[in-house]
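What's counted below: heavy atoms across the whole structure, side chains too, no hydrogens, waters or symmetry copies.
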Amino acid sequence: MAKAGHAWSRAAAAQGEAEEDEDPLDAMIARTGCLEQHRQLQECMAERQDWRHCQAQLRAFGACMARRQQRERGASPAQPPD
């Protein structure tokens, strides 16, 4: 007899897959314009299982995010330091 909480069903699995497609982190990164670099980094991490082997992808993602931050800072009025 299955324990409570171990009730697996195809409907629940399908719902979980649908939720994976709507990952808020992916949506946030997509808005930055750096989604492709992020996916390449994720693929490398999944394949290599060690971030040290993914330095090129890590640098590319970091550079993309840095460019986005520079664009945002350039578009908004300068804020005085606190």
Side-chain angles (χ1 to χ4, degrees):
M1 187 159 132
K3 295 179 184 177
H6 290 278
W8 182 88
S9 70
R10 289 193 189 278
Q15 182 181 4
E17 289 173 9
E19 289 175 4
E20 286 181 20
D21 292 341
E22 300 173 358
D23 183 12
L25 179 62
D26 281 345
M28 183 176 64
I29 293 172
R31 288 190 296 270
T32 68
C34 300
L35 187 59
E36 182 58 31
Q37 291 87 347
H38 183 256
R39 289 206 172 135
Q40 289 174 358
L41 177 58
Q42 285 181 316
E43 288 174 15
C44 180
M45 293 282 294
E47 180 182 318
R48 299 310 255 327
Q49 300 290 311
D50 187 346
W51 64 270
R52 295 172 290 188
H53 295 285
C54 302
Q55 291 301 299
Q57 294 86 348
L58 185 62
R59 285 189 199 102
F61 179 59
C64 183
M65 292 299 288
R67 286 190 301 272
R68 180 187 184 270
Q69 285 182 336
Q70 287 175 345
R71 285 191 307 265
E72 281 185 352
R73 288 182 183 145
S76 62
Q79 299 277 333
D82 291 333

Problem set entry | Minimum-distance pair of heavy atoms, taken over all atoms of G33 and C64 | O-SG, 3.9 Å

Problem set entry | Listed partners of R31 passing salt bridge (Lys or Arg N to Asp or Glu O under 4.0 Å), at least two apart | none

Problem set entry | From C34 atom SG to R68 atom CZ, the distance as rounded to the nearest 0.5 Å | 7.5 Å

Problem set entry | Separation of F61 CZ from Q42 CD (nearest 0.5 Å) | 8.5 Å

Exercise. Taking side chain as C-beta onward, heavy atoms only, is R59 less than 4.5 Å from Q55?
Worked result: yes

Exercise. So, are D50 and R52 salt-bridged, with charged N and O less than 4.0 Å apart?
Worked result: yes

For this session: State the NE2-CD distance between H53 and E47, to the nearest 0.5 angstrom.
Result: 11.0 Å

Exercise. Is the shortest heavy-atom distance from the side chain of L41 to the side chain of W51 under 4.5 Å?
Worked result: no

Exercise. Can you tell me how far the CZ atom of R48 sits from the CD atom of Q57, to the nearest 0.5 Å?
Worked result: 8.5 Å

Problem set entry | Shortest non-hydrogen contact between M65 and T32, atoms and distance | SD-OG1, 3.8 Å

Problem set entry | For R39, all residues meeting salt bridge (Lys or Arg N to Asp or Glu O under 4.0 Å), sequence neighbours excluded | none

For this session: Hey, could you give me the CD/CD1 distance between Q37 and I29, rounded to the nearest 0.5 Å?
Result: 10.5 Å

Problem set entry | Reported CG-to-NE2 distance for the pair L58 and H38, which is rounded to 0.5 angstrom | 10.5 Å

